[in-house]
Amino acid sequence: GGGGRREPDRGRLRGRAGRAGPAPTRRPPGNYRTQLWDKQSESFLPSTPGLGMHVEVKDPDGKVVLSRQYGSEGRFTFTSHTPGEHQICLHSNSTRMALFAGGKLRVHLDIQVGEHTNNYPEIAAKDKLTELQLRARQLLDQVEQIQKEQNYQRYREERFRMTSESTNQRVLWWSIAQTIILILTGIWQMRHLKSFFEAKKLV
């Protein structure tokens, strides 16, 4: 998991989950653990009992798909219907953290996606699969994940192409506008200079 640092005022840690798509429904589990900084020992405590963490997950459209209060460490899951980057925000309970103003809070966060979310020993016991059948099931899941990753890459490529075309179109119109402005400015300067010389009887 990665370490995070608490913001002094709100005790919030933001992160972006891995791509949860483009499958119509996914349940990526996440595990987290918090460690509070101890000024006396100048190290992070192995555990922080009594500390509460509020986990909030938003999909790429900004819709909240999970909002729940947990303890200092735990496991959460959420259902994803939209492909793309998902925001994961962890809030510490402000009343508790007010006692540790200026302190540090380390958050270890581990997100699992794809076939890594499946508990194959549990699946084998539930469906009574042989070792060969279980291995075939794992390979099928891996192939499905690769196909989904390819679909996502095509989706990203299409978005990038649309963005590039839009940018090129804007640059083209901006260049045309600049050219028209330069031509109009040149015509105006020529007419102004001609009027000036005529007024001075130089022409």
Side-chain angles (χ1 to χ4, degrees), residues 1-28 30 32 54-68 76-92 94 102 104-117 142-203:
R5 199 171 187 180
R6 182 181 66 85
E7 295 182 6
D9 54 343
R10 302 186 65 179
R12 172 180 294 184
L13 178 70
R14 283 188 178 272
R16 291 185 180 271
R19 296 181 297 272
T25 303
R26 298 286 297 280
R27 292 179 174 82
Y32 73 91
H54 183 269
V55 180
E56 183 179 81
V57 181
K58 294 182 179 180
D59 64 10
D61 298 329
K63 181 181 177 181
V64 177
V65 295
L66 175 67
S67 180
R68 185 176 175 184
F76 62 90
T77 60
F78 62 92
T79 302
S80 165
H81 300 279
T82 307
E85 293 183 347
H86 288 59
Q87 291 187 355
I88 299 178
C89 186
L90 287 84
H91 309 259
S92 61
S94 57
K104 302 176 185 177
L105 182 67
R106 174 182 290 174
V107 179
H108 300 270
L109 182 62
D110 180 27
I111 303 294
Q112 296 179 344
V113 295
E115 73 276 6
H116 302 290
T117 62
Q142 291 176 2
V143 170
E144 182 182 2
Q145 182 63 26
I146 292 173
Q147 183 181 7
K148 292 176 181 177
E149 183 68 21
Q150 290 177 343
N151 292 336
Y152 179 76
Q153 292 299 332
R154 282 195 288 268
Y155 169 75
R156 287 287 301 271
E157 182 181 359
E158 183 181 356
R159 287 188 58 187
F160 178 76
R161 180 175 55 81
M162 293 176 61
T163 303
S164 299
E165 291 178 354
S166 176
T167 303
N168 293 336
Q169 194 76 7
R170 293 179 181 179
V171 170
L172 175 62
W173 283 111
W174 175 246
S175 301
I176 294 175
Q178 283 184 320
T179 303
I180 294 175
I181 291 174
L182 288 175
I183 293 174
L184 293 177
T185 303
I187 294 174
W188 177 81
Q189 287 180 341
M190 291 177 61
R191 292 176 63 88
H192 179 73
L193 288 173
K194 183 179 180 180
S195 300
F196 174 78
F197 290 144
E198 288 178 347
K200 296 294 184 180
K201 297 182 180 180
L202 298 176
V203 179

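None of these values were measured; they are calculated from a predicted model. Numbering of residues begins at 1 and proceeds along the displayed sequence.
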Checklist line | Stepwise side-chain hydrogen bond (donor to acceptor under 3.5 Å, both in side chains) test for Q153 and E149 | finding: CA-CA 6 Å; Q153 292 299 332; E149 183 68 21; 3.0 Å; yes

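Within the 4.5 Å cutoff, no side-chain heavy atoms of V171 are placed close to those of W174.
Taking NE2 of H54 as the reference point, atom SG of C89 lies at 9.0 Å (rounded to 0.5 Å).
Applying side chain to side chain contact (heavy atoms under 4.5 Å, CB included) to V57 and the options T77, V64, V65, L90 leaves one that passes, V65. Tested against E144, the residues Q142, Q147, K148 include a single side-chain hydrogen bond (donor to acceptor under 3.5 Å, both in side chains) partner, K148.
With sequence neighbours excluded, no residue forms a side chain to side chain contact (heavy atoms under 4.5 Å, CB included) with S195.
Residue pairs meeting the side-chain hydrogen bond (donor to acceptor under 3.5 Å, both in side chains) criterion with at least one partner in residues 157-172, sequence neighbours excluded, are R161-E165.
A distance-only check finds a donor-acceptor pair linking the side chain of D59 to the backbone of D61 [under 3.5 Å].
Counting non-hydrogen atoms of other residues, nucleotides and ligands closer than 6.0 Å to CZ of R68 gives a total of 12 or fewer.
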Would you mind writing out the side-chain donor-acceptor pairs for residues 179-193 within the sub-3.5 Å range, not counting sequence neighbours?
unit_1: T179; atom_1: OG1; unit_2: S175; atom_2: O; d: 2.9
unit_1: T185; atom_1: OG1; unit_2: I181; atom_2: O; d: 2.7

